[in-house]
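To start, the structure under review is shown below, and the notes come after it.
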Amino acid sequence: MISPLQQDLEDLATLLERAKVESLTHLNALDQLPTKSTYSPKLSGNQLPNQGVGTLRAVDEFNERLRQVIVASAGPRYWGYVIGGTTPASIVGDWLATAFDQCTFATAGQGDISANIEIETIQLLRQLFNLPDTYQGGFVSGATMSNFTCLAVARQWAGQQLGVDISNDGMVPGITVLSAEPHASAVKSLAMLGIGRNNVVRINHVEGNREAMDISDLEAKLQALNGQPVILISSGGTVNTVDFDDMISIGKLKEIYTFWWHVDGAFGGFAACSPTYRHLLAGWENADSITIDCHKWLNVPYDSAIFFTHTRHRQLHIETLQPLNSPYLGDLLSHVNYQTLVPESSRRLRALPAWFSLIAYGKEGYQTIIETNIRLAKSFGTMLAGSDHFELLAPVRLNTVCFSLKESEAEPERVKTFLSTLNDTGLVFMTITVYKGRTGIRAAFSNWRTTDTDVRMVFDKMQEISYPSLKPAS
């Protein structure tokens, strides 16, 4: 009797054709698929088969029992968390990455050397972001691991200032972290690195409706620390309002004071793709490290992010992440090897979806995606600002809209109930937030599929839910 595995090998072309059909069925329906699932799968009753049923029957069972949990998170009206879609080219690249199944870390040797593709992709991304070639980079799973990688090297740098090799000898006191509005992923990274969530010294915000750091307060804190090792986490786009720290002024302070400067540009970094908005990042090319999340605005499949660290820190980077006692890995220092540059030793060829999308659509393609999303966000903001029932909590600076019900209507529970009712329609998905003490709603535009029709459709539904008498005419 032929085994299911052997049968699947013989039927591989049929299986891949079925996968194509299933994929196209989903992708072609993204505009209509709901952003919420009401299905509760029965997980506990299923038993691991002894013999196995083969892939075709597994697909059938998946469709019968589990497919209903899949929502249109890659669709045009999924506006929560800054989740991009997937370009056609990136899907092709991702399929091929799976088929090729490389464990990507080496650029030379007798085994896999697919890291050369990663090196080229990082070069293309530097060009997309107008960054100099004085940055090395690599792919990790997401913004959390990008921040983790950059801050791990920053920690090693800070230890060096204290005369300690932290990677070998462990964490020591005496390291200060400064930030005005750190993202949760950066704070989580500080926890994992042993620095601690509660050890971030907050910098005051600029006065007014801003989240950017007050540069004068930053300088005062640097002066007070009197040479103590400092890691500065600055925002290349805050979560709620996409506010940018003053990179030029930070760069000038770096000429006077010694500190590690990390820029969290997970999605705001893509402002560099647009001649209209790249001034928001002016000066970031002087940072020590940068985080970019590719499965956000690059519109490549999960999971994908990159880090950039300045090449002057290459030795520190290697000291931080190189594996020891693994002679089978060979000489890791003689050429670029991601065993010495990223936390994961086992890693798929994440660069390939990005490479395909960058080559397929180029600078102009990504400029169009970025500028279209920003225009749509501003259009949505204009609709809200002109409404009698909603208000903006902050200006729409880039691609995120932070708003609430009118102040007279905006009790926290009412806002939450409104958003829950809206999300329950399955037409759109947004997330709750708190901004300057007020409960609000956050809509993030980062999907290449989103159109003006989507924005109008959602706004009309919002009016209908909050005030039934304003239901638009059919």
Side-chain angles (χ1 to χ4, degrees), residues 134-135 144 146-206 211-236 238 243-265 283-291 307-322 343:
T134 49
Y135 285 97
T144 300
S146 178
N147 279 325
F148 178 87
T149 303
C150 293
L151 294 173
V153 184
R155 186 189 65 173
Q156 186 73 357
W157 170 87
Q160 185 183 67
Q161 307 306 300
L162 296 169
V164 179
D165 182 346
I166 291 177
S167 292
N168 281 327
D169 300 328
M171 189 62 187
V172 293
I175 299 172
T176 299
V177 179
L178 299 178
S179 188
E181 200 65 33
H183 186 265
S185 64
V187 177
K188 181 177 182 179
S189 297
L190 294 175
M192 294 190 290
L193 288 165
I195 296 173
R197 296 184 183 92
N198 296 329
N199 290 324
V200 179
V201 177
R202 293 301 186 107
I203 304 167
N204 294 335
H205 292 153
V206 176
E211 292 184 294
M213 67 176 65
D214 182 335
I215 296 298
S216 62
D217 187 50
L218 168 61
E219 182 166 18
K221 285 181 167 61
L222 289 170
Q223 287 177 340
L225 287 165
N226 195 29
Q228 181 178 336
V230 172
I231 299 170
L232 174 67
I233 303 174
S234 67
S235 294
T238 57
D243 206 355
F244 288 76
D245 290 327
D246 183 346
M247 311 284 180
I248 292 177
S249 294
I250 293 173
K252 290 178 180 177
L253 289 180
K254 197 164 168 56
E255 296 173 1
I256 304 171
Y257 304 95
T258 300
F259 58 91
W260 181 284
W261 177 19
H262 175 62
V263 176
D264 187 345
W284 75 328
E285 67 276 4
N286 295 312
D288 294 289
S289 57
I290 297 172
T291 281
F307 67 85
F308 289 119
T309 54
H310 202 284
T311 51
R312 63 174 170 264
H313 302 304
R314 176 167 170 75
Q315 185 58 40
L316 281 171
H317 201 135
I318 291 171
E319 290 173 8
T320 304
L321 293 165
Q322 66 179 330

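Side chains included, hydrogens not; waters and symmetry mates left out as well; all remaining heavy atoms used.
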Kindly indicate, with the supporting measurements, whether the criterion ring pair (Phe, Tyr, Trp, His ring centres under 6.0 Å) is fulfilled by His313 and Tyr135. CA-CA 10 Å; His313 302 304; Tyr135 285 97; 9.5 Å; no
Taking all non-hydrogen atoms of both residues into account, name the closest pair between Thr149 and Pro343 and its distance. OG1-CD, 3.2 Å
Within the 3.5 Å criterion, strictly below it, is a donor on Glu181 or Ser235 matched to an acceptor on the partner's side chain? no
For the side chain of Thr134 and the backbone of Thr311, is there at least one donor-acceptor N/O pair under 3.5 Å apart? no
Between Ile250 and Ser234, does a side-chain contact (heavy atoms from CB on, under 4.5 Å) hold up when you go through it step by step? CA-CA 9 Å; Ile250 293 173; Ser234 67; 3.9 Å; yes
Full working for side-chain contact (heavy atoms from CB on, under 4.5 Å) between Asn286 and Lys254: CA-CA 9 Å; Asn286 295 312; Lys254 197 164 168 56; 5.7 Å; no
Give me the atom names and distance for the closest heavy-atom approach of Asp214 to Ile203. O-CG2, 3.7 Å
Holding to side-chain hydrogen bond (donor to acceptor under 3.5 Å, both in side chains), I want the full list of residues that pass it with Ser167, two or more places apart in sequence or in another chain. Gln156
Aromatic ring proximity Phe307/His262, centre distance under 6.0 Å: no
Applying side-chain contact (heavy atoms from CB on, under 4.5 Å) to Ser249 and Ile215, what does each step give before you reach the verdict? CA-CA 7 Å; Ser249 294; Ile215 296 298; 3.9 Å; yes
Please report the interatomic distance CZ(Phe148) to OG(Ser185), rounded to the nearest 0.5 Å. 12.5 Å
On a heavy-atom basis, the closest approach of Met247 and Trp284 is CB-N, 3.8 Å
Expected output: side-chain Asn204 to main-chain Asp217 donor-acceptor under 3.5 Å: no
Please check: side-chain N/O of Arg202 versus main-chain N/O of Ser179, any donor-acceptor pairing under 3.5 Å? no
Closest heavy-atom pair, Val230 versus Trp157, reported as atoms and distance to 0.1 Å, is O-CZ3, 3.4 Å
Any donor-acceptor pair under 3.5 Å from Glu285 side chain to Gly283 backbone: yes
NE2/His205 to CE/Met213 distance, rounded to the nearest 0.5 angstrom? 9.0 Å
Around Lys188, counting heavy atoms of other residues, nucleotides and ligands shown, do more than 12 lie under 6.0 Å from its NZ? no
Tell me, please, which residues at least two apart from Asp165 pass salt bridge (Lys or Arg N to Asp or Glu O under 4.0 Å). none
Interatomic distance, OG@Ser189 vs CG@Asn147, rounded to 0.5 Å, equals 5.0 Å
On a heavy-atom basis, the closest approach of Ile233 and Ala186 is CD1-CB, 4.3 Å
In sequence, state the C-alpha distance, the side-chain angles, and the governing distance for Thr309 and Asp288, and then conclude on side-chain contact (heavy atoms from CB on, under 4.5 Å). CA-CA 6 Å; Thr309 54; Asp288 294 289; over 6 Å; no
